[in-house]
Amino acid sequence: MTNADVARIFAEVADLLEIRGEDVFRVNSYRRVARTIEDLPVDINEIAARGELTGLPGVGKGSAEKIQELLSTGKLQLREELVREIPESLLELREIPGVGPKKIALLWKERGIRSLADLKAALEAGKLAGLKGLGDKSIQQIKEGIEFLERSAGRVRLGIAAAVADLICDRLRRTRGVRRVEPAGSLRRGRETVGDLDLLCIADDPDLAIRTFTELPEVGRVLAAGQTKGSVLYQYAPGQSLQVDLRVVPEESFGAAWQYFTGSKEHNIRLRELALKRGWSLNEYGLTEGDKTIASRTEEEIYAALGLPWIPPELREDRDEFDTPPPEDLLTLEDIRGDLHVHTTESDGIHSLEEMVVAAAARGYKYLCIADHSRSSTIANGLTPQRLEKQMEEVRRLARKTRGLKVWIGTEVDILADGSLDFPDELLSKLDFVTASIHSGMGRDAATNTRRTIAAMQNRYVNVIGHPTGRLIGRREAMALDIEAICREAARTGTALEINASNLRLDLKDQHARLARELGALVCINTDAHSIDELEEMRFGVLTARRAALRSTDVLNTRSPAEIMKFVQAKRNKKK
DNA sequence: GCCGTTTTCGGCCCGACTGTTTTCAGTCG
């Protein structure tokens with residue numbers, strides 16, 4: 001039973017209890033446990049084996065026993081009882097916007113609805129009329145909610161949300177009277193996926209700002225358009241929509257609104273609790289004591305009034321940000337001095353060596369390492385040793401002509417099924433820098449995958465493990481892997497672990513990168529760019545690193561070219 | 001069900017919006 005399994009079951013139990021009408025605080029405590037376990041970078045089985053379950057946030061004696069029961073029997077008595085009583089398929093209805101536990105219970109008890117299919121049939125047959133507390137408008141709302149559910153693709157990737165936000169913010173900034181536009185929500189926190197976009201603005205003419213927003217050509221449907229808020233479905237690709245909310249807020253309470261709408265919800269709850277302890281109240285208009293405003297203009301003022309340093313948005317997840325102050329030298333995009341994993345037309349990139357070098361120089365980088373695929377990645381046109389030798393000459397020739405930017409020759413060498421590498425050591429030894437990645441056979445068990453990765457790290461020429469878990473967000477799960485063991489071996493062997501900055505990967509993900517830092521493994525943030533545009537994705541890798549509270553010193557490619565070469569030599573010279 | 005330099009019992013965040021309502025319940029973020 002994996003962490004995800006346990007988390008899912010606790011979340012389901014919470015939903016079922018809520019439909020049954022249990023105390024909301026008891027329900028929430030199950031949700032809290034689900035979230036804690038989902039967030040956990042290490043295997044819950046090991047924590048249970050060490051008897052440390054009650055040390056986890058929100059896990060008390062009762063939850064610890066239930067987790068133990070799940071891990072040892074694969075079942076949970078409470079859940080079995082609940083599903084005997086309440087049809088499990090009712091949980092589908094939770095996804096419909098505007099439908100919560102009370103309405104679900106009503107539909108089930110009064111009309112015998114047990115699933116989404118039942119609900120659609122009942123709507124079709126007009127069987128919902130006459131329900132107490134559910135008028136015509138509510139019925140219409142449910143219909144529209146189902147339509148929305150069936151059309152929407154759920155959460156979108158960070159890269160898509162960021163592109164949409166950039167575009168809308170840009171148009172709003174060019175609107176008369178608009179003085180400031182900022183993204184908030186999970187986009188600002190740098191989460192790997194975004195449910196909807198939250199934008200804030202200060203405008204002299206709020207009506208004009210909202211109208212400009214709701215009349216953007218890509219807007220498919222306007223959900224709300226009031227004095228202070230506009231809400232639309234924005235079509236970013238054919239048949240693909242994202243909900244975007246724009247709020248116009250007063251300048252004097254911009255900080256409070258920005259803090260409030262950035263979230264996370266859990267972070268905000270903790271913050272309001274802190275306010276309450278001092279007899280104050282915190283909402284989107286400010287931090288107040290009775291009628292008196294204590295802070296509202298900037299986020300910094302609000303955090304300071306509550307006795308906290310300003311907490312960077314990426315850390316606002318109610319993990320440890322209230323107990324551990326954010327590091328002074330939290331990584332920024334400006335700290336990044338080069339990219340050590342990019343492709344060219346020689347394998348499966350779409351831009352040439354020269355084009356990639358020019359683009360990297362334009363970004364102000366100090367170094368760029370060409371890392372095309374190796375021969376086993378045939379689909380990606382992987383290089384044979386002979387082709388790599390030839391590319392090496394070309395890169396070295398270009399490097400001699402290039403000023404201000406070190407151009408290095410490397411490879412993204414395949415880690416084969418048995419953990420050996422796709423190129424011989426003799427060839428690897430001639431390269432400046434080596435990234436090793438798994439591209440095939442990811443379906444094996446955790447022990448096998450971990451063994452393969454560790455074998456690669458034990459090769460003295462391997463400097464980075466590329467996209468260590470192999471996940472593709474929304475497309476492919478991470479492979480089964482003992483991340484803790486990999487971090488320890490990375491630290492021991494002097495091998496860095498990649499945060500692949502591609503918005504499709506972001507792998508290592510935030511919690512894994514956090515574990516790497518705690519275990520002393522160095523992280524390297526690379527774009528794996530297959531085109532010059534993709535060099536831009538470095539920002540997503542940095543956001544992920546910030547969510548892991550990484551300092552610039554935790555990241556290899558914040559170092560100077562000479563220091564990178566020293567890092568490579570140190571491993572090559574290491575005594576076995 | 002969890003949790004505690006105000007508490008081991010009695011709390012547990014806050015406001016907006018909507019709909020079905022004459023004072024509130026449900027949902028959402």
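Throughout, protein chains are lettered first and strands after them, A, B, ... in sequence-line order, and every chain is numbered starting at 1.
In the set dT20(B), dG1(B), dC14(B), the nucleotide with an atom closest to the side chain of Phe25(A) is dG1(B). Taking only side-chain atoms of Ser63(A), from C-beta outward, the nucleotide of dG1(B), dC14(B), dA16(B) with the closest atom is dG1(B). In the set dG1(B), dT27(B), dG19(B), dG19(B) carries the atom at the smallest distance from any side-chain atom of Ser138(A). In this structure, of dC14(B), dA16(B), dG1(B), it is dG1(B) that holds the atom nearest to the side chain of Asp23(A). Here the side chain of Glu284(A) is nearest to one of dG29(B), dG15(B), dC12(B), namely dG15(B). Distance from the side chain of Ser29(A) is smallest to dC2(B) among dC14(B), dG19(B), dC2(B). Listed candidates were dG15(B), dT18(B), dG1(B). Nearest to the side chain of Asn283(A) is dG15(B).
Nucleotides dT8(B) and dG1(B) are separated by 15 Å at their C1' atoms, to the nearest Å. With C1' as the reference atom, dT23(B) and dT18(B) are 15 Å apart, rounded to whole Å.
Side-chain contact between Val249(A) and Thr228(A) is absent, with no heavy-atom pair separated by less than 4.5 Å.
Rounding to whole angstrom units, OH of residue Tyr260(A) and P of dC14(B) are separated by 11 Å. If you take CZ of Arg270(A) and P of dC3(B), they are 11 Å apart, rounded to a whole angstrom. Following rounding to the nearest Å, Asp318(A) (CG) and dC13(B) (P) show an atom-to-atom distance of 12 Å. Rounded to a whole Å, the CD1 atom of Ile142(A) is 12 Å from the C1' atom of dG19(B). Rounded to an integer number of Å, the gap from Arg191(A) CZ to dG29(B) P is 13 Å. When the P atom of dA16(B) is taken as reference, atom CZ of Arg272(A) falls 12 Å away, rounded to whole Å. Rounded to whole Å, atom C1' of dC2(B) lies 15 Å from atom CZ of Arg35(A). Between the CD1 atom of Ile302(A) and the P atom of dC14(B) there is a distance of 15 Å, given to the nearest Å.
The residues Glu289(A) and Lys292(A) are annotated as salt-bridged, a charged nitrogen and a carboxylate oxygen being separated by less than 4.0 angstrom.
Using a 4.0 Å heavy-atom criterion, one finds that Leu282(A) contacts the sugar-phosphate atoms exclusively. Looking at heavy-atom distances under 4.0 Å, Lys103(A) makes contact with sugar-phosphate atoms alone, never a base. Within 4.0 Å (heavy atoms only), Ile104(A) reaches no atom of the nucleic acid at all. Residue-level contact check: Asp198(A) touches neither bases nor backbone, having no heavy atom under 4.0 Å from any strand. Residue Tyr30(A) is classed as a sugar-phosphate contact, given heavy-atom separations below 4.0 Å to backbone atoms only. Heavy atoms of Val99(A) sit under 4.0 angstrom from primed sugar atoms or phosphate atoms, though from no base atom.
Geometric assessment of Arg272(A) against the ring of Trp280(A) yields a negative cation-pi assignment under the 6.0 Å and 45° thresholds.
Side-chain nitrogen and oxygen atoms of Lys265(A) include none within less than 4.0 Å of the OP1 or OP2 phosphate oxygen of dC28(B).
Comparing Leu56(A) and Lys102(A) by the nucleotide of DNA chain B that holds the closest heavy atom to each, the one mapping nearer the 5' end is Leu56(A). Nearer to the 5' terminus of DNA chain B, by closest-nucleotide assignment, is the contact made by Gly62(A) (compared with the other of Asp196(A) and Gly62(A)).
Between the side chain of Arg471(A) and the main chain of Leu506(A), a donor-acceptor pair closer than 3.5 Å is present.
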